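What follows is a single structure, written as structure tokens, with notes after it.
Note: hydrogens, waters and symmetry copies are ignored here, and every other heavy atom, side chains too, is used. Treat the numbers as computed from the prediction; the structure is a model and nothing was measured. For ligands, and for the atoms within them, numbers begin at 1 and follow the listed sequence.
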Amino acid sequence: MRVRLAAISALVLVSAGCGLSSGQPESVADKETLVIGVKQDQPGLGLRKGSKYEGFDVDVAAYVAGKLGVQNVRYVTAPSAKRESMLQAGTVDLIFASYSVTPERKTKVDFAGPYYVAHQDTLIRSSDTTIHNVRDLRGKKLCEVAGSNSWRRVKEERKVAVNLVAGASYSDCIDQLREKTVDAVSTDDLILAGFAGQDDSIKIINAPFTDERYGVGVKKGDVAGCEAVNKAITEMYQDGTAEKLLKKWFGPTGLKVTLSVPQFEGCG
Ligand code: GLU
């Protein structure tokens, strides 16, 4: 019932084209505390250390929350397969978790940003001399993370006949690559750079083949919230914070990062 009421009030809001009606702060633009979903096992992006999370996504989230005037932020883990449902259920207010904007996801959630455009690339064992581009993945064992878009880019969009092997998360896929239960892990360069930087036995083939527009997941219909987040992202690029954070987290990996503000999706 509460969910239904919330859905109705969200609809009223959208049709009114303005902020939320009296009383309950529903939009993330009005909240005093925020629960933010991030990854917990992706070095450089979202990595859990004890009770804390660190990485580029976490720093961007903290910056945006600060610009929204929120002092109190709680981070929780948002695995790839749970991002839409966590936003829909209200378990989280926002998601910053290597979350690509896709048409399918846009039917369930809204996206502010993107705050960065990553590119899908492929990670293999350093000893492997047979894989140079996405086509070479034909007949190879490719790690598949549920709810992630990356395996679809290879198998469904590029129609490369890979053998998919399930991985619980990208860190699990990297373990499987080392253990040889998979031959390749194909996903965003930002994710791969974080892992490759730690280990000489694996390497990125450096053959990027997609644009992955990293959006901020917002509950469907929260146009005011989405616009407030976009304003914060614009400021993050204007005041030099984006450059600082990209260099902080990815400079040491050698990955070439883009320092200009991406073209926004637009809210609502
Ligand atoms: N950016 C891709 C996606 O949103 C892959 C990374 C991930 O699953 O977090 O599906």
Side-chain angles (χ1 to χ4, degrees), residues 36-48 53-61 75-88 91-92 94-123 134 137 142-158 160 162 164-177 182 184-196 204-205 207-218 246 249-250 253 255 257-258 262 265:
I36 297 184
V38 294
K39 289 295 180 79
Q40 66 163 355
D41 67 330
Q42 295 178 183
L45 279 170
L47 186 68
R48 188 170 175 173
Y53 294 82
E54 62 165 47
F56 177 67
D57 280 346
V58 182
D59 280 353
V60 174
Y75 295 96
V76 296
T77 302
S80 290
K82 298 220 170 110
R83 291 175 293 198
E84 289 85 19
S85 60
M86 287 173 92
L87 277 171
Q88 286 174 319
T91 327
V92 293
L94 293 171
I95 299 244
F96 294 73
S98 56
Y99 199 11
S100 298
V101 179
T102 70
E104 205 264 326
R105 290 173 182 160
K106 277 175 89 171
T107 65
K108 299 177 185 151
V109 302
D110 285 346
F111 285 100
Y115 56 92
Y116 193 73
V117 182
H119 307 285
Q120 184 162 340
D121 209 320
T122 302
L123 192 75
V134 63
L137 292 174
L142 181 74
C143 203
E144 171 191 355
V145 175
S148 184
N149 207 40
S150 306
W151 62 272
R152 291 180 193 282
R153 299 273 196 224
V154 178
K155 187 163 182 154
E156 294 178 357
E157 293 178 14
R158 296 295 182 290
V160 179
V162 288
L164 295 174
V165 177
S169 64
Y170 282 105
S171 61
D172 180 49
C173 287
I174 302 300
D175 289 342
Q176 294 204 50
L177 181 63
V182 302
V185 182
S186 188
T187 190
D188 312 332
D189 52 4
L190 290 192
I191 299 177
L192 298 179
F195 286 113
I204 300 176
I205 63 171
F209 64 99
T210 71
D211 282 346
E212 302 300 325
R213 298 157 55 73
Y214 277 14
V216 180
V218 179
L246 284 163
W249 291 106
F250 301 107
T253 71
L255 184 77
V257 291
T258 308
E265 275 299 301

Ligand 1 to R83, heavy atom cutoff 4.0 Å, flagged ligand atoms 3 (C), 4 (O), 7 (C), 8 (O), 9 (O), 10 (O)
If you measure from the Lys or Arg side-chain nitrogens to the Asp or Glu carboxylate oxygens, is any gap between K106 and E265 under 4.0 Å? yes
Any donor-acceptor pair under 3.5 Å from Q120 side chain to S150 backbone: yes
May I ask you to check whether Y170 has an N/O atom sitting below 3.5 Å from an N/O atom of ligand 1? no
As an exercise, identify every atom of ligand 1 less than 4.0 angstrom from a heavy atom of K39. 7 (C), 8 (O), 9 (O)
Give the atom numbers and elements of ligand 1 that come within less than 4.0 Å of a heavy atom of I191. 6 (C)
Judging by distance only, is a nitrogen or oxygen of S148 under 3.5 angstrom from one on ligand 1? yes
What pair of heavy atoms forms the shortest contact from Y170 to D41, and how long is it? N-OD2, 3.8 Å
Could an N or O of ligand 1 be found under 3.5 Å from any N or O of S150, whether backbone or side chain? no
Counting from 1, what ligand 1 atoms have a heavy atom of A97 closer than 4.0 Å? 9 (O)
Would you say the side-chain atoms of Q176 pair up with the backbone N or O of A166, donor to acceptor, closer than 3.5 Å? yes
With side chain to side chain donor-acceptor pair (under 3.5 Å) as the test, pick out the partner of H119 among D211, D189, T210. D211
Does NZ in K82 sit with more than 12 non-hydrogen atoms of other residues, nucleotides or ligands closer than 6.0 Å? no
How many angstroms lie between atom CG of D121 and atom OG of S186, to the nearest 0.5 angstrom? 7.0 Å
What do we get for N149 next to ligand 1 when only non-hydrogen atoms under 4.0 Å count, side chain, backbone, both or neither? both
Is S100 in polar range of ligand 1, meaning some N or O pair under 3.5 Å apart? yes
Just jot down the ligand 1 atoms closer than 4.0 angstrom to any heavy atom of S80, in number order. 7 (C), 8 (O), 9 (O)
Taking all non-hydrogen atoms of both residues into account, name the closest pair between V58 and G46 and its distance. CG2-CA, 4.1 Å
Any atoms of ligand 1 less than 4.0 Å from a non-hydrogen atom of T187? List them with their elements. 5 (C), 6 (C)
Filtering R105, E212, R152 for the heavy atom nearest atom 4 (O) of ligand 1 leaves R105
